[in-house]
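So the structure is just underneath, and the comments pick up after that.
The chains referred to below are lettered A, B, ... by the order of the sequence lines, with proteins before strands, and numbering in each begins at 1. Worth knowing before you read on, the calculation uses all heavy atoms, side chains too, and leaves out hydrogens, waters and symmetry mates.
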Amino acid sequence: MVTLNDYLIVSGILFAIGFAGVLLRRNVIIIFMALELMLNAANLSLIGFARYNVHDRLPDYNGQVLAFFIITVAAAEVTVGLAIIVALFRARQTTHVEDINTLKF
Amino acid sequence: MNLLIHLTYLAPIVAAVGILLGLQPRRTATYAALIALVSALVVFLGYSRAQAGFQFESAIPLVPSWDLKFFVGVDGLSATLLLLTSIVELAAVWLAPTVESGENPYYACILLIAAGAAGAFASLDLFFFYAFHELALIPTFLMIGIWGLGNRQSVAWKITIYLSVGSIILLVGLIGLYLLPPPQARTFDIVKLQQLASTGAFAGSGSKSVFILLLIGFGILVSLFPFHTWAPQAYASAPVPVAMLHAGVLKKFGLYGLLRVALPMMPEAARHWAPLLLILLAGNLLYVGMATISQKQLDLTLGYSSVMHMGYIFLGIASYNVIGLNGAALLMLAHGLSIAALFAMCGEIRRQTGTVNYLDLGGLGTSMPTLCFIFGLATFASIGLPGFANFASELLIFFGAFKNSAPGAPLNEFQIVGTIALWGVVISTVYMLRAYRAIFMGERQARWQYVKDMPMNLGWAVILLVGALLVFGLLPRTVLDAVEPGIRLFAK
Amino acid sequence: MNSSPWIILLAPFIATFVITLITERFKKLSSYISVGAVAISFVFSVFVFFGHDTSGSFNWIDLGVFQVKIGYLVNDLTKLMLLVVSGVGLLIHIYSIGYMADDSGRSRYFAGLSLFMFSMLGIVLADNFIMMFIFWELVGVSSYLLIGHWYFRPAPPDAANKAFLANRIGDFGFMLGILLVWSASGTVSFGALSQHWSTLGLDPTFMTVTALLIFCGAVGKSAQFPLHVWLPDAMEGPTPVSALIHAATMVAAGVFMLTRTFFLFQHSPIALTVVLWIGLLTSLLAALMATQQDDIKRILAYSTLSQLGLMVAAIGLAVPQAAMFHLFTHAFFKALLFLGAGSVIHSLHHEQNIWQMGGLREKMPRTFWTFLIGTLALIACPPFAGFWSKDAILASASGNTPAFLAIAAVTFLTAFYMARLFVVAFLGEPRSDHARHAHESPPVMTIPLLLLAIPACLAGFPFVASFFIRVPEHEGSPLGAIAVSLLAFAVGAAGGFYLYRDRNKDEIDIPLFEHKFYIDEFYSSLIKWTVDLLANISGFFDRWVIDGTIVRGLGGLTWGSGFALRFLQIGNLQAYAFLFGAGVILLLYLVKFPTK
Amino acid sequence: MTMPPVLLELFVLALGIVMLVLESFAETRDRKVFAIIGIVGLALVFLFLQVSAPGPSGMVSYVMDWPAIFFKKVSVLTTIVVLIMSIDYADTITRFLPGRSPQSGLGEFFALPVLTCAGMMWMSSAIDFILIFVSLELVTISFYVLVAFMRRNAASLEAGVKYLILSALSTGFTVYGITWIYGVTQQTNLTQIQQVLPSVPLDNQPGLLFGALLVLVGLGFKIAAAPFQFWVPDVYQGAPTPITAFLSVGSKAVGFIVLLRVVLSFQSLPAVGDRLISAITFLAAVTLIYGNLAALPQTNFKRLLAYSSVGHAGYLLIAVAAIGARDSGLAVVVYLAAYLLMTLLSFLILVIVSTHSQGDDIVHFNGLGKRSPFLAFGLLVAMMSLAGVPLTAGFLGKFLVFKVAFETRQFFLIALGILTVGCGFYFYLKVVKAMYWQPAPPNVTAIPISRLSLVAMWVMVVLIFALGIFPQFATGLLPSTSP
Amino acid sequence: MSPLLFWIFAAIMLVFGGMVVIHRNPVASALSLVVSFLALAALFVSLDAYFIGVIQILVYAGAVMVLFLFIIMLLDLKAELRRRPNLPAVCGGFVVIFLFIVAIAEVSFRFQGGDASFQPIAQGPQGDIWHVGMILFQRYNIALQVVGTLILVASIGVVVLSKRELK
C-alpha cells in the first residue's frame, strides 16, 4: 500500500537532492538543472496532496492547476535563465560559479 | 497676537530657505533673528502672569485619529526659553564671522539650528516637540564638519551619532508615553497629556520604564554623566555660532523636555528614579568638575564647564519641588546666555591669536580691555555671582535640594548632593578664575601686542547676552513669576 | 525716613553702573561720581544713625512657598556699621583721588570701590541670611577686582584669585549653614531666627554644626586660620584698597556677621569654643608671622589678621559687644595705618620694604604723626582707641585663663612688631634713594589721615564710644586685666624699640615666622597632590577611558562587526546558496513545534 | 469608477505591448520617446488609481481593497520614476548593448519595466497562492532580464546569474511551502485558508508551519531579509542603476504586501500564527543587524544603498512582527511610501551623478555641494529621510514602526532599532560628508540635469517633507488600518 | 498503482536525480534529468494526474531538456575538472541537507492520515483534463493571463539577451 507519506518522503528526498546539486556542483547549468529538480519535487508533493484531498470522490484539481502553472513558469524561467548563462559565457568564457565573483563585500 | 509665536521659528526657517535660494545672507539672517527676537520678546512680555497656563495657543489638526496636531503655545517656561533662543540666535548671527566660501549655507545652518530649538520650545505637541529638535542635528553636523576647527570631522561624527542615538531612545520613550493611557485617551497634545496625568493615567507600572527611557534620552542630549563626552570636544571644535546655539540653547531642549513632559506626567516615576539621577548628576558636578580643572584650553574648559553646570539643573529637577524646579528653569536661561557669551569671546580670542591654550596666552587684558571686561562679567555669571541670573537660579536649586528633608534630620541624599553642588561652585571658581587669569592677566607677551579689541558686531552681541544676564539676574521675578505657576501645577 | 537705607545702598550701586557704562573714559569725573555716591551714603547714614530702628523689605524672588527678600534691618549694630563703613569709606575714597591720580585704570578702580561700598553696605543692612549672602559674595567680587587692579603684573592677579577662592571656600560653608538653618527653621530672616532659633528644639549637634558652618563664612571673609592665607597676599592691591577693604571694613564683615547671627552660637558651647580658639590661633600665628615681615603693608596685614583673630575670639567668649567695639576702633586706626603706609609708599615710588625706608620723620611729618597715633592705637597704648577695645576683650577673657594668656601674648607681640615697623620705617637714617628723596603727600591724602587720627585717638573713651556703641561692661576685676595688658604692651613696645633702633637690617632671623609657618607651601603642595592630581586623573579618565575606551570602543566594535559581517558577502554564488539553506534550517529549527 | 479594476493591469500590459510594437517599427527614431509614452500612460493609470475606490472584484483570487490600491500606486509610481531614471541612464545602457542602431534594445529596456509593473499590480491584489506565485514569477523573470540587460557588461551579467540562481532557489522553497500549506488546508486562497485554519488538526500544524516558514523564506528573499539577503548587494551593484532602484523599491513593496496578507491570514490559528511572528521577529533582528552594521564600512554608494535596503527591510519587518497592533499595517504602508520616495530620490541622483562622473563610489560625490547644490540638496534630503530625521517621511515611518513595536512589547527589536538607527546616521551621513565636507576633485564641471529629472527630484523632495510634516497624507493612504 | 511500481519509479527518479548531481559530464547530467522526469511523470500518473503527467513529459522531457542539451552543446561544456572539494563547505552542505530531510520527514510523519492509503476516486464522465481546464479558465483565468504576460516577458528577454551582435 502506497501512502501519502511515501510520496512526501520521496518528494522530500528529491528536493534535497536538488538542493545538494545547487550546493555542490560548480557549473551554473548543472545548478540550474538541480533547481529544476527541486521544483519538480515540489510538484510531486503537490500532486500527492491533491490526490489525497478528495472532494466528491474527485481529487482536488486546484493542486493540479498549481502544478501546471509551476511547470509553465519553470519552463519560462529556464529559457530566460539559459539565455543569461549563454550571455555570461560569451562575456566570460566560463560557466563556473567560482569565476563569477567580481562583485563582493 | 497668537501668530507672533509662529514667527519665532518661521522667520529663521523662511530666511534660511531664502538664503539658500540666494538672498544676501548676513542681512537676511540678521533681520530674521531680529524679527524672532522681537516676537519672542512680545510673547514673553505679553504672557499674562496673572492667568498662568498656556497662552498664545494655536493649533492645526493633522491626524485626528491619533490626536496629532501642529500645536504651538507657550507658558512661562517656554516663553522664557523662546526668548533665550532668539537672544542667542541674534547674537550668533550678529557675530558670525566672514566666511570665505559658502556663506549662504553657513547662515542658513545657523538659522536652522535656532529654528529647531525655537520650534521645539514652542510646540505643544509631542511629535513636533521632538521633530523640531532633531531638525537641528543635520545643520550642526554640516557646520562642524565644514567650518569646524581642529579635529572637526571625528567630532562631528561623534556628536551626531551620539545625539541621534539619544534622540532615538528619547523617541521610544515618548512613544511609550503616548501609549501609556488607554487607547481612546491617547494624544500627542501636551496640554491634554498634562491633564490626563493629573487623573493618574500615567501612574501604571509602565511609567517607570518609560521615565527611564526619557531620562536617558533627554540625559544624553543634555550631556548627563556618563553620556557627556560628546559635548566638550564638540563645542571646542564647532564654529562659534554653533557652539553658542548648541551649548546655549539646543542643549536646554532635554531639560525642557524633562520639565515639560517627563516630570509633570510621571511624578511617581520621577521620584522613583531620583536617586539614580542624583548619583549621575553628582558625577556631572564633581567628576566633570574635576576634569574641567585639568583642561589646558579655554574651549575645552568652557565645554566641560557647560557639562558640569548641567548638574545643577539636574539637581533642581531631581529635587522635584517648586523651588528647585524654578531654579532649574531660571538656570537654563542663565546658563544659555552666559555660555553663549563665553563661547563667543573664546572664538574671538582664537580668531585673533590662533590659540586658546593657556600656556600660549596671557596679558590679553591690556590689548583687548573691553573683551576682557565683558569676559569677566560672563565669567562671574558662570561661576554664579550675585547680580547675574545664574546666582539666583543656583540659589534656588540649593534651597530646592535642601527642601527635601525633615527639619533637623540627618543628611539625606538630596542634601548630600546639594552639598556637592555647593562645592561645585568652588570647583567652577577654580577653573574659571584660572582661565581668566591665564588669558587676560599677567604680563603680555610681545607677540600679542598687535591683538586688537573685539570688533563692534561681536561687542554688541555679547553685550546683548551679558546685558540680558544682568537684567534677569537683578530682576529674576520677570522670569520666575511667569515660570512658577506652570511648575506649581505639578510640584509642591 | 524709610527710604534712607535704600538710598544708602543704591547710591554706590548707581555710581558703579554710571562709571562702567558711561564715564569710563572720563577718569576724573568717574572718581568724583564715586566719591559723591559715598558721600551721599554717608550723609544718609548719619540720618539713619539719628533715626529710629526700622526695617523694610521687598520680595526679590517670590515663589509662593519661598521668598527671597531684599530688605534692611536698622538697629544699633546696623547704625554703627553704616557709619563706620561709609565714614571710613568716604575718607578712603577721597584719599584715593590723590593716590590713584596717575593710574590709567582709575575709572575701573573707582567703579570697583563703589561696587564694594554697595556690597558692604548691603551686608550691613541685610535683614536676612540670603541677602547677606548675596552681598557677601559681591564683597568678594569687588575685593577680587580691586586686588587684581594691576592685572598686568604677575602677582596681583594671583593674589586676587587666591583671595576669591579662599572666600568662596568659606562661603561654601556659609551657604551650607544657611541652608541648614533654613531647612530646620523654614526662615532666613534674622528677626524671626533670633527669636525662635533656640526654641525650635533642635538636636544640639545639629545646632553646633550649623553654627560652625556659618562661622566658616566668617573664617573666609575675616581671614581666620586656616583660610587666612589670602589676606597678606591681598596687599598686592592699591593701598587704599588694602585700607578700606582688607583692614577696616570687609574683613570685619565676618565679625559683624557673627555678631548679627550670634543667636546661633549662643546656645552652642562647643561652637563658641571652636570660634574662640580659631580666633586666638589666628591672632597668635599672625602676630608671630608679623614679627619677621619686611613689607610695610604685609606687616599691617598680619596685624589685621591678628586683630581680627581677637575680635573673633571675643565672639567665642560670647561677648559680641567687645568684638564690635574693637571692630569699631580698629576700623579707624587700621585705616589710618594703611593710609599712612600708602602715603609712605606713594612718596617712595612704591617702595614697600621697610628696610629701604627710614628717616621719614622729618620728610613726612604729617604722615609720621598720624602713623604714630595709629600705631599707638593698635598696640593698645592708653588712652588711644585700641587700648579700650582690646581691654574689653581681655577683660571678657578673664574667666578663661588660656585665652587670657593668649590675648596677652598677642598684645605683647603686637607692640613688638609695630614698634619694629615704626622704628625701622620712620626713624633712623634713610636707607635708600627713594627714602632720601621722600616728600610729604598732597593734602587730598593727608587730610583723610588727619581726619582718621581723631577717632583713632578718641573713639575708645567710654564717653565717646558709648555714643556709638554699647560698650561692654567689665565683669570681674578689670584692674588685673588692665595691668596685664599694660605690662604686655610696655614690654613689647620697649623691646621692639630697643632691638631695632638704628639697625640697617633685621638681627633676628626666625625662618619659621618669616615663611609664615610654611602654611602657603603646605597648601600649594596639598592642592598639587589632591586637587590637581584628582583633576588630572579625572581629565585623563574622561578623555581616555570614558571617551577613548568606552565610547570609541563601542563605536569601533560596531564598525568592526560591520566590517566582519562583510566577509559573509564573499561574492560566491554557492556560498550564498549555502548560507541561504543554513538560514532556512535555522529558521525551521528555531521556530518549530515540539517533537512528539 | 465603474471600470473593472482588473482592466488597469490589462491597460498597463497593453501599454507595454504598444511600446514593444513601436520599438520594432522605429528604425531611427529617438527611443526615449517610448519612455515618455510609458510615463504618460502610467501617470494616467496613477490618476485612475487615485480616484478608484475599493470594492468587490468579482473574483476569488483577486481583491481590490485599500492596500491593493496603495501598492498598485506604489508600483506605478516606482515604474514612472524608474523610467525617468532610465532616460538618464540610456547612454550607459546603449554603451553596453551594441546593436544595429545606436539605441537598439532601449525600447525593450523601457517596455519591460512597464510589464513588470503590471505584474506588481497583479501581485498587489492577489489573495490566492496561485496568483501570487505566477505574478511573483512574472516580476522575477522580468527582473532576470532587466538585471542582466547590459550584456556587454560583465558585472550586469554576473548580477543576473546570481539573481537567477538564488531567486530560483528561493522559488523552489516557496513552491514547496505553498505545497504544504495547500496540503494541510486543501486551499490556495488566503481568505479560505484563514477560515479553515482554526479547524486544522494539531498533527497537521507542524506541516502548516513548515509550509508557512518556507513561504516566508521565499518572501524574505524578495524583501531582502537576512539571512536570505546575500544576493542584494551584489545584484544591486551589478544591475543597471534604474533597475536597482526598481528592485529595491518595487520588488520589496510587493513582497511586503504578500507577506502582510499571508501573515495576517495565519493569525487565525495562533499556534502557527504566533510562531510565524516569532520567525519574523528573528528575521527582523538579523536583518537589522546585518543591514545596518555591514553598511558601515561601505565605500560604494550603490552597495551602500543595497545594505540600506536590507536595513529598511528590517524596520519593515518590525512592523510586520507587530501585526497585533492596531496600526501595524499602516506602519508598513507608510514606511514603504517613505522608503519609496527616499530610495528613488537617492537612485535618481545617483544615476545623474554616476552617469556624469563614470562611477558610483561615494568619492564620486565629493564636493557635490559646491558643484551642483540642488542635486546635493536633494540627496541630503534623501539621506536625512533614510536616516530618519524628523519632519521627513523616513522619520514618520520609523516613528510608526517604533510605535507599533512598543504597542506589542517587542522590546528586543526596539533596542536593536535604537542601535541600528545610530549606525544608519553614520553611513547615510557619510554621503552627506562627501558632498559637503570634501573638496571637489579638480576640473569638474556642474552636472547637467534633464528637466524631467529635475521635476521628479523636486517633486520627491517636496513629497518627503510633506509626508513628514503632514502625516495625514500618510494616514490617508490607508483608511482602514489593516489590510 | 501497485506499491511495487511506485517504488520502482520512485527509485528510478531518485537515482537519476542523484546522477544529475553526481555526474561530472553535463550531457550525462542532462540525460539523467530526462530519465528522472520521466519517472516523475509516471508517479504523477500513479496519482491519477494524467494531464500533469503528460505536460511533464511534453514540457520537461520534451522542451526543457532539449533546451538544456542544446545549450550544453552550444557552449561546448566539458566535464567539470575534478577540483579539490572544499571540505567544510561540503560537510556544511550535507549537514544542511540532512537537517532539511529530517524536517520534512518529521512534518510528513506527523501529517494526519499520511499513513493511510488514498481514498478511491470515481471515474466520472469528464477526465481530469476537463476539470483542470475548467478551473484554469474560470477560477484562475487571471493567473493564466499573468502567465501569458510572463511568457511574453520571457521571450522578449531571451531575444534581448541573445540578439546577434551586429557590428
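In this view, E:Q119 and A:V54 satisfy the side chain to side chain contact (heavy atoms under 4.5 Å, CB included) rule, not counting sequence neighbours. Taking A:R57 as the reference, E:P120, E:A122 meet the side chain to side chain contact (heavy atoms under 4.5 Å, CB included) condition, with sequence neighbours excluded. Taking the ring pair (Phe, Tyr, Trp, His ring centres under 6.0 Å) definition, one finds that A:F89 meets it with nothing, sequence neighbours left out.
A:T95 touches chain E through its side chain: at least one heavy atom from C-beta onward sits under 4.5 Å away, while N, CA, C and O do not. In this structure, chain A has a heavy atom under 4.5 Å from the side chain of E:V147, while its backbone stays farther away. Both the backbone and the side chain of E:L67 come within contact range of chain A, each with at least one heavy atom under 4.5 Å from a heavy atom of that chain. When heavy atoms are compared at a cutoff of 4.5 Å, E:A105 approaches chain A by way of both its backbone and its side chain. Residue A:F32 touches chain E through both its backbone and its side chain, counting heavy-atom pairs closer than 4.5 Å. For A:L4, the parts lying under 4.5 angstrom from a heavy atom of chain E are both the backbone and the side chain. The parts of E:V158 that come within reach of chain A are both its backbone and its side chain, each placing non-hydrogen atoms under 4.5 angstrom from that chain. If you measure heavy-atom distances from E:A103 to chain A, you find no contacts under 4.5 Å at all. For E:F98, no part sits under 4.5 Å from any heavy atom of chain A, backbone or side chain. If you measure heavy-atom distances from E:F37 to chain A, the contacts under 4.5 Å come from the side chain alone. With a threshold of 4.5 angstrom between heavy atoms, A:F68 approaches chain E through its backbone and through its side chain. Contacts of E:V96 with chain A are made by side-chain atoms alone, with heavy-atom separations under 4.5 Å and no backbone atom involved. For E:L14, the parts lying near chain A are the backbone and the side chain together; criterion is any non-hydrogen pair under 4.5 Å. Both the backbone and the side chain of A:T79 come within contact range of chain E, judged by heavy atoms closer than 4.5 Å. Residue contact with chain A, scored on non-hydrogen atoms closer than 4.5 Å, involves the backbone and the side chain of E:A143 alike.
Environment of CZ in E:F16: sparse, with no more than 12 heavy atoms of neighbouring residues, nucleotides or ligands closer than 6.0 Å.
Of the possible polar contacts, none joining the E:S29 side chain to the A:I30 backbone as a donor-acceptor pair under 3.5 Å is found. The main-chain N or O of A:P59 is never found under 3.5 Å from a side-chain atom of A:R51 such that the two would form a donor-acceptor pair. A donor-acceptor pair under 3.5 Å is formed between the side chain of A:D6 and the backbone N or O of A:T3. Looking at A:N40, its side chain does come within 3.5 Å of a backbone N or O of A:E36 through a donor-acceptor pair.
If you tally non-hydrogen atom pairs under 4.5 Å between each of A:L44, A:L8, A:I9, A:I13 and chain E, the highest count goes to A:L44. Ranked by heavy-atom pairs under 4.5 Å with chain A, the first of E:A30, E:A63, E:G133 is E:A30. Highest contact tally toward chain E, considering only A:L23, A:V22, A:T72, A:L14, is held by A:L14 [criterion: heavy-atom pairs under 4.5 Å]. Put simply, of A:V80, A:V73, A:I31, the one with the most heavy-atom pairs under 4.5 Å next to chain E is A:V80. Among E:S36, E:G92, E:G17, the residue making the largest number of heavy-atom pairs under 4.5 Å with chain A is E:G17. Interface summary for chain A: among E:F111, E:F51, E:F118, the most heavy-atom pairs under 4.5 angstrom belong to E:F118.
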Stepwise ring-ring contact (aromatic ring centres under 6.0 Å, His included) test for E:F100 and A:F15 | CA-CA 9 Å; E:F100 194 75; A:F15 193 89; 5.3 Å; yes

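A:I71 contributes atom CD1, which lies 10.0 Å from atom CG of A:L39 (distance to the nearest 0.5 angstrom). Here A:Q64 contributes atom CD and E:I55 contributes atom CD1; the two are 11.0 Å apart, rounded to the nearest 0.5 Å. Here the CG-CD1 distance, from E:L144 to E:I135, works out to 13.0 Å after rounding to the nearest 0.5 Å.
Scanning both residues, E:I12 and E:A39, for their nearest heavy atoms gives CG2-CB, 3.8 Å. Across all non-hydrogen atoms, the minimal contact from E:V34 to E:M65 is CG2-CG, 3.1 Å.
Below 4.5 Å, heavy atoms of chain A meet heavy atoms from E:L150, E:I151, E:A154, all part of residues 148-156 of chain E.
Ring planes of E:H131 and A:Y61: parallel class, angle under 30° (limits at 30 and 60°).
The shortest distance between side-chain heavy atoms of E:L75 and E:I71 falls below 4.5 Å.
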